Amino acid sequence: MKFAIQINEGPYQHQASDSAYLFTKTALEKGHEIFRVFFYHDGVGNGTRLTTPPQDDRHVVNRWAELAEKHELDLVVCVAAAQRRGLVDDGEAERNGKDATNIHPKFRISGLGQLIEAAIQADRLVVFGD
Amino acid sequence: MKFAIQINEGPYQHQASDSAYLFTKTALEKGHEIFRVFFYHDGVGNGTRLTTPPQDDRHVVNRWAELAEKHELDLVVCVAAAQRRGLVDDGEAERNGKDATNIHPKFRISGLGQLIEAAIQADRLVVFGD
Amino acid sequence: MSELHTVNKSPFEKNSFDSCLGHVLEGSAVLLYEDGVYAALKGTATEGKVKAAQGVKFYALGPDLKARGLAQDRVSDGIEIIDYAGFVDLATEHDKVVAWV
Amino acid sequence: MSELHTVNKSPFEKNSFDSCLGHVLEGSAVLLYEDGVYAALKGTATEGKVKAAQGVKFYALGPDLKARGLAQDRVSDGIEIIDYAGFVDLATEHDKVVAWV
Amino acid sequence: MSEDIKNFLYLNRRAPYGTIYAWESLEVVLIGAAFDQKVSLAFVDDGVFQIVKGQDTSAIEMKNFSPTYSALGDYDVNQLYVEQESLEERGLSVDDLMHLTWEDEDEDWAEKDSIRVVSRAELNKIIEAQDVVFSF
Amino acid sequence: MSEDIKNFLYLNRRAPYGTIYAWESLEVVLIGAAFDQKVSLAFVDDGVFQIVKGQDTSAIEMKNFSPTYSALGDYDVNQLYVEQESLEERGLSVDDLMHLTWEDEDEDWAEKDSIRVVSRAELNKIIEAQDVVFSF
């Protein structure tokens with residue numbers, strides 16, 4: 001079965017990203033397909049490469065990146081939400097005159113249409129939020 | 001009277017930073033002193049220079065920065081919370097091997113002791129959160 | 001010591017308002033702001049709770065009421081509408097601020 | 001169509017659990033996870049609500065119960081404890097997932 | 001292709017301004033309108049506050065996004081269900097809500113109401129008929 | 001200076017793990033312990049869940065920070081007030097909580113309980129006596 005995953009909250013403050021990660025990992029292990037993971041609202045914060053969590057705790061961002069690497073996951077960060085919260089890739093930096101980027105290379109920034117498309121293409125949309 | 005302000009949430013997702021800003025601005029206009037504004041939890045997200053909010057909306061980060069410029073406000077971002085969420089200055093970038101920074105120059109990263117000190121020194125602590 | 005309690009969440013969504021009411025002493029003040037201003041609405045379950053709170057003074061932040069389209073005549077009797085200057089004054093006049101975030 | 005409803009907030013803090021219960025149809029399932037597992041606790045007001053929900057099957061996520069120190073004997077009768085594999089199965093077995101975030 | 005047409009429901013349960021969910025979910029609705037799905041919005045719990053009329057955010061310096069709801073009709077988003085019980089619990093009636101309309105192409109562009117107040121029981125049947133429910 | 005000694009109360013109203021507030025507020029308590037203030041913690045509403053015993057986070061892959069509460073006594077943080085009404089509403093009793101203790105230097109390091117279950121009325125008097133209340 002084909003799943004689309006929506007994540008509304010950033011890493012650490014809320015459990016949403018943790019629950020979504022464990023759901024996604026388990027679904028993949030059971031042979032299901034993850035059409036896309038869409039990060040919306042503060043969820044865009046899951047896509048930064050600049051975090052340094054405590055060494056004895058899980059690394060939320062890297063964990064997503066490793067799962068993406070292993071299963072060719074499509075990790076999409078909403079551009080409008082990202083602009084409000086300062087999540088930036090090369091294109092956004094150039095467009096908005098920013099002197100730095102912070103996106104992790106396993107994530108990509110794109111539009112809300114990617115969420116709609118995921119909901120159309122997938123058999124199930126599962127939303128994780130606050 | 002001397003106020004300490006604590007902000008627990010990031011910009012845009014919650015109203016906390018907006019309310020704290022209007023409270024702080026009004027307190028200053030009334031002749032009070034703001035000992036420090038301390039950004040904790042997701043509140044550290046208020047200190048990024050990488051946001052590009054819609055043009056017809058307020059710019060939460062720049063607004064804090066301008067108020068700080070005008071009144072020499074001490075805007076402090078908690079280091080532990082910042083590490084978890086990817087808010088980085090030069091020192092942090094070097095210490096944690098990050099290839100970019102995103103802190104706005106009007107903010108500074110420091111320890112939780114700065115919150116305790118503010119609560120001791122100020123006449124009132126006012127907390128804005130979710 | 002006199003206390004200013006603040007509530008910024010809707011009483012229909014979260015328990016902050018009810019919890020605040022359970023912890024205010026006579027002579028204290030409660031400020032409703034952000035989504036907390038919905039607790040000021042007439043004709044709701046919260047109206048009775050506001051009336052029942054003995055010796056507690058209630059305030060609601062006008063800018064947040066206005067933003068949400070709530071005119072003054074929707075606000076329960078006995079709740080005073082203030083602006084940010086009034087918020088700052090309340091924080092100075094009371095010995096401390098307790099936030100029910 | 002059969003529905004899986006998910007609740008991830010404490011019923012003591014937010015209205016998500018109550019709102020969910022008001023919107024489930026017979027034959028639906030409700031999964032409690034994250035702080036939503038507190039709605040599975042015996043000896044609370046939610047226990048009666050779970051029992052009263054006609055024809056609704058309740059599940060609670062074991063990993064979240066364990067994290068919060070809630071042993072199986074604390075969980076109301078009639079609530080089935082499942083793991084993440086069970087969560088995925090529920091999502092596949094029902095026609096859609098409705099999240100009461 | 002018709003097999004790709006789904007029933008989408010946007011479930012709105014949050015008040016505006018205190019958090020951004022209401023506004024950003026509206027942005028999804030607008031983008032989604034271009035995808036030719038069957039779209040409905042449900043306003044439940046504090047979500048009914050989103051469409052209260054007379055919103056004026058000038059004093060909190062936030063953007064008043066409520067006029068955007070009036071534009072939904074132009075995007076063929078005209079099925080807005082408001083739960084009666086949620087209104088009542090908050091001391092509101094349909095008169096407190098914005099008057100949202102759309103023009104029916106099939107009836108010589110007659111203006112029709114987009115908002116329909118429904119009971120919880122009716123809403124549950126509407127939820128049942130959906131393929132996808134978005135929550136924010 | 002004695003005039004700088006204040007009564008600090010940390011007001012804990014959130015459950016652990018679903019959000020980080022419980023953990024990060026505990027970090028403030030630990031840092032604050034070095035500042036020689038009079039420190040108390042109150043566990044109210046879902047905050048009582050923070051100190052439930054037997055927490056095991058292995059299956060959700062998050063850090064179990066609950067053992068840190070046991071260290072508070074070593075930092076002279078030994079006034080932990082738990083609201084009776086909040087426990088009861090959640091079907092809990094003091095036996096469900098961790099056994100947190102401290103050693104009293106003035107009484108030959110006698111081990112004493114840090115947790116005191118108090119009624120809501122008693123807690124309100126404790127809140128009244130504070131100079132600063134931290135909320136997270």
Side-chain angles (χ1 to χ4, degrees), chain C residues 1-39 45-46 48-50 52-61 64 87-101, chain F residues 3-16 18-26 28 32 37-50 81-91 117-136:
Chain C
M1 304 215 300
S2 78
E3 303 167 352
L4 172 64
H5 296 261
T6 64
V7 175
N8 70 323
K9 290 292 152 186
S10 164
F12 307 105
E13 186 196 22
K14 279 189 83 173
N15 73 339
S16 331
F17 176 74
D18 283 334
S19 190
C20 171
L21 284 196
H23 295 91
V24 287
L25 295 168
E26 267 194 56
S28 296
V30 173
L31 170 65
L32 309 169
Y33 76 111
E34 296 183 3
D35 289 346
V37 298
Y38 292 120
T46 55
K49 294 176 186 176
V50 166
Q54 294 279 336
V56 177
K57 186 89 188 74
F58 285 87
Y59 301 87
L61 198 64
D64 279 318
F87 185 176
V88 172
D89 289 344
L90 285 177
T92 59
E93 291 159 7
H94 294 81
D95 295 312
K96 64 173 173 286
V97 184
V98 184
W100 297 88
V101 287
Chain F
E3 60 183 4
D4 275 356
I5 293 192
K6 288 186 171 180
N7 290 305
F8 275 17
L9 180 75
Y10 295 91
L11 182 57
N12 294 291
R13 294 182 51 244
R14 316 245 200 186
T19 55
I20 204 174
Y21 303 103
W23 183 7
E24 289 193 329
S25 78
L26 192 53
V28 179
Q37 309 297 308
K38 277 203 66 184
V39 171
S40 305
L41 276 65
F43 296 90
V44 182
D45 295 339
D46 280 355
V48 301
F49 287 132
Q50 293 180 20
Y81 300 102
V82 178
E83 190 182 83
Q84 177 72 33
E85 287 85 344
S86 295
L87 283 176
E88 286 169 3
E89 196 192 353
R90 287 156 185 81
V117 178
V118 294
S119 70
R120 184 164 295 167
E122 288 173 298
L123 184 66
N124 291 346
K125 289 294 174 189
I126 290 161
I127 295 175
E128 192 184 19
Q130 303 303 317
D131 296 303
V132 181
V133 176
F134 289 91
S135 303
F136 299 94

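Please read these numbers as outputs of a predicted model, since none were measured by experiment. Each chain gets a letter, A, B and so on, in the order the sequences are listed, and its residues count up from 1.
Partners of Ser25(F) according to the side-chain contact (heavy atoms from CB on, under 4.5 Å) rule, which considers only residues two or more places apart in sequence or in another chain, are Asn12(F), Phe136(F). Considering only residues two or more places apart in sequence or on other chains, Glu85(F) meets the side-chain contact (heavy atoms from CB on, under 4.5 Å) condition with Glu83(F), Ser119(F), Arg120(F). Scanning for side-chain contact (heavy atoms from CB on, under 4.5 Å) contacts around Leu21(C) gives Phe17(C), Lys49(C), Phe58(C), with sequence neighbours left out.
If you measure heavy-atom distances from Asp131(F) to chain C, the contacts under 4.5 Å come from both the backbone and the side chain. Contact of Leu9(F) with chain C is not made at all, since no heavy-atom distance falls under 4.5 Å.
Residues of residues 2-12 of chain C that come within less than 4.5 angstrom of chain F, heavy atom to heavy atom, are Glu3(C) in numerical order.
No donor-acceptor pair closer than 3.5 Å links the side chain of Asp45(F) to the backbone N or O of Ser16(C). Side-chain atoms of Ser135(F) come within 3.5 Å of backbone atoms of Ala99(C) as a donor-acceptor pair (strictly under, hydrogens ignored). In this structure a side-chain-to-backbone donor-acceptor pair under 3.5 Å is present from Arg13(F) to Val101(C). Distance alone, capped at 3.5 Å, places no donor-acceptor pair between the Lys96(C) side chain and the Val133(F) backbone.
The distance from the CG atom of Asp95(C) to the CD atom of Glu128(F) is 9.5 Å, given to the nearest 0.5 Å. Summarising the geometry, atom OG belonging to Ser19(C) is positioned 7.5 Å from atom CG belonging to Leu11(F); distances are rounded to the nearest 0.5 Å.
Nearest heavy-atom pair, Lys14(C) versus Arg14(F), reported as atom, atom and distance to 0.1 Å: NZ-NH1, 3.6 Å.
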For side chain to side chain contact (heavy atoms under 4.5 Å, CB included), just list the numbers for Val44(F) and His23(C), CA-CA rounded to whole Å, side-chain angles, deciding distance to a tenth of an Å, and then say yes or no. CA-CA 10 Å; Val44(F) 182; His23(C) 295 91; 3.7 Å; yes
